[in-house]
Amino acid sequence: MKEALEKILRKISRLVFPKFVLVGLDIQDKHIAGVATLRHGDKISVLSSGIYDVPEASIEHGEISDPVPVRTGIKALLGTVPARHFKFTVEPVFVLSIPSHKMYTETVVFPEMDAEELKNAVMLKAEASLPWPIEDAHIDWTSTYIPEKEEHIVFIVAVNKKTIRNYLQITSGERWRVGAIEFHILSLAKFVDQASVPSFIFALIDEDGIEFAVFFKGVVVAHFLHPVAGEEEATKVLEGKIRQLTSFVESNLKFSIERIFVFDRVNREGVISSIRTITGIPTQPFLPDSRPAYSDPRLLIAHGAAFRPYAAADISINLIPSEFGGRYQENLSLRTLNLWIKILFVYTFSFLLAFAGMFAFLKYQNATLNRDIRNQSAIFERLVPQSQPVIDEAQKFNALVDAFRAAKNLQTVAGKRIGAIAKIAAETGVGITSLSSANEGIAGVFTAASRDSILEFKRRMESQKIVTEVSIPLTDLAPEKNLTLNALLRL
């Protein structure tokens, strides 16, 4: 059920969230390494990657002195991304991974307190410990609560805002946005399956020294950087620091280290076997996998930065403050929600504006119509007395027309009945001498060759309801032949 729900949510995220290009960037002294990915919800597709050399004077000890060659290398990387991926987004987002010697880190144990008190305690501790004024630093932290001891293990990391501005100058004049800045181990640790290995130590060995970080349930809880000179010193530092870290974790965090990963960028021999022997903890070289994309170790940090979670709430360390466009602007869910809210606001405002305009127009038209009605009513009331004689004449004329139509209808009915009388008379052999109007109907003088003809005429007239009764005096019916009689046809 949980897997089905997660699958549905992933599908929904790909429908709701816009596509955008995210670039992981690792800036070294002699080159920059970049990996461009297409992000769509929780889906990540690698579009392009590359390593671009820069003049030695452009970057010195992690400080960018000339941003132009760096910017040129980034443009070359973006130029390898198919143009169709910029159809709906022209602002690629960058995640920078910087060396840890530019940061201040510290792990502090605080007693149980609420979020606001913890924030104040962290800021007070940072103000007392930072090598720069607190107003010149951006501070971030992660907190791990230990219920058994009722304590917060807080990992604090800070960077000088001058350093941030130094890195951000590469975006000057370009439509690029830096969404996050993290450090090298944080980028590399994304390759570790932290669901199967919830607690581990990551050691990064390079020219600057040895960098250590402890991870627990996906959160970094401790970090150290120790400069070293030779291989013998490196082995001693590794052994001592890992002993110290494992002891710290077991006594303060109440969990055990399950594995140690070592990324040896200078190929010091015997390091892994030595650590395994001393600690008894499974130790292995850091090897993401055998895919060709990861064959060049110089691209691994950039790959890890490009895989930074960006579609949901993320508690990962971010060294870019909100005023520079990071931290609270990095959550794509919030950005997308903010976008849809703005779209809804624009549509709502447009609808209300159109509705208000239509309402005002209809209200104006209604007022105009009522005014015209009042004006016409006043004119009509003045004209009524003047038009009364005309109205009376019109009424008389209408009455005359009605009388004419009634007379016409009456003539039509009488004509039809006389036609019917004549037809039946002809069919029965009765002759019509005359017809005239009488009070009760029609009076007529008829002739017939025989009495049967007269009787048949009478029967058919009454049966067909042309008249209600044919009244014939009995004296007129006395002769059997050649009769002449006066009859009353009652209607």
Side-chain angles (χ1 to χ4, degrees), residues 4-24 36-45 47 71 74-75 78-79 81-96 115 138 164-165 168-181 306-316 318 320-376:
L5 181 60
E6 290 177 351
K7 186 176 181 180
I8 292 172
L9 291 176
R10 286 197 297 269
K11 295 290 185 182
I12 293 175
S13 71
R14 294 174 190 177
L15 289 174
V16 175
F17 295 146
K19 293 181 180 180
F20 69 101
V21 175
L22 186 142
V23 180
T37 62
L38 180 66
R39 311 298 287 269
H40 190 198
D42 67 326
K43 186 177 181 181
I44 303 176
S45 303
L47 301 176
R71 201 177 297 134
I74 295 173
K75 288 181 179 179
L78 294 176
V81 176
R84 67 178 184 275
H85 296 302
F86 293 101
K87 183 177 181 181
F88 299 108
T89 173
V90 295
E91 181 191 59
V93 179
F94 289 85
V95 175
L96 305 185
H138 173 61
I164 296 175
R165 293 190 185 93
L168 292 182
Q169 65 178 318
I170 63 175
T171 65
S172 178
E174 304 293 339
R175 299 184 66 180
W176 302 340
R177 188 176 70 83
V178 177
I181 296 178
F307 295 158
R308 183 181 180 88
Y310 219 86
D314 181 29
I315 59 174
S316 297
N318 191 347
I320 183 169
S322 57
E323 61 263 29
F324 293 140
R327 197 60 192 174
Y328 303 107
Q329 294 296 321
E330 72 168 344
N331 189 330
L332 188 60
S333 300
L334 297 179
R335 286 170 59 82
T336 303
L337 179 61
N338 187 41
L339 171 65
W340 283 107
I341 289 174
K342 289 180 179 179
I343 292 173
L344 180 61
F345 173 78
V346 170
Y347 273 97
T348 303
F349 179 77
S350 301
F351 172 77
L352 292 177
L353 186 63
F355 179 80
M358 182 63 68
F359 178 79
F361 174 76
L362 293 177
K363 185 177 181 181
Y364 171 76
Q365 292 296 321
N366 183 59
T368 302
L369 180 61
N370 289 333
R371 185 174 61 252
D372 292 343
I373 290 173
R374 290 192 296 269
N375 294 338
Q376 295 299 326

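Counting begins at 1 with the first residue of the sequence.
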Minimum side-chain heavy-atom gap Thr37-Val21 below 4.5 Å: no
Under 3.5 Å donor-acceptor, Asn366 side chain and Leu362 backbone: no
Val178 and Thr171, any side-chain heavy atoms less than 4.5 Å apart: yes
Distance, nearest 0.5 Å, that separates CD1 of Ile320 from CG of Leu96: 7.5 Å
Note, Pro92 side chain near Leu22 side chain (heavy atom, < 4.5 Å): no
Atom pair CH2/CZ of Trp176 and Arg71 - distance to nearest 0.5 Å: 7.0 Å
Backbone of Gly179 reached by a side-chain donor or acceptor of Asn318 within 3.5 Å: yes
Rounded distance (nearest 0.5 Å) linking atom OG1 of Thr368 with atom NZ of Lys363: 12.5 Å
Nearest-0.5 Å distance, CD of residue Gln365 to CE of residue Met358: 10.5 Å
Polar side-chain atom of Arg308 near backbone of Gly24 as donor-acceptor pair, under 3.5 Å: no
From Leu168 atom CG to Ile181 atom CD1, the distance as rounded to the nearest 0.5 Å: 5.0 Å
Side chain to side chain contact (heavy atoms under 4.5 Å, CB included) evaluation trace for Val23 with Val95: CA-CA 6 Å; Val23 180; Val95 175; over 6 Å; no
4.5 Å side-chain heavy-atom contact, Ile74 and Phe94: yes
Distance in Å, Leu369 CG paired with Arg374 CZ, rounded so as to fall on 0.5 Å steps: 9.5 Å
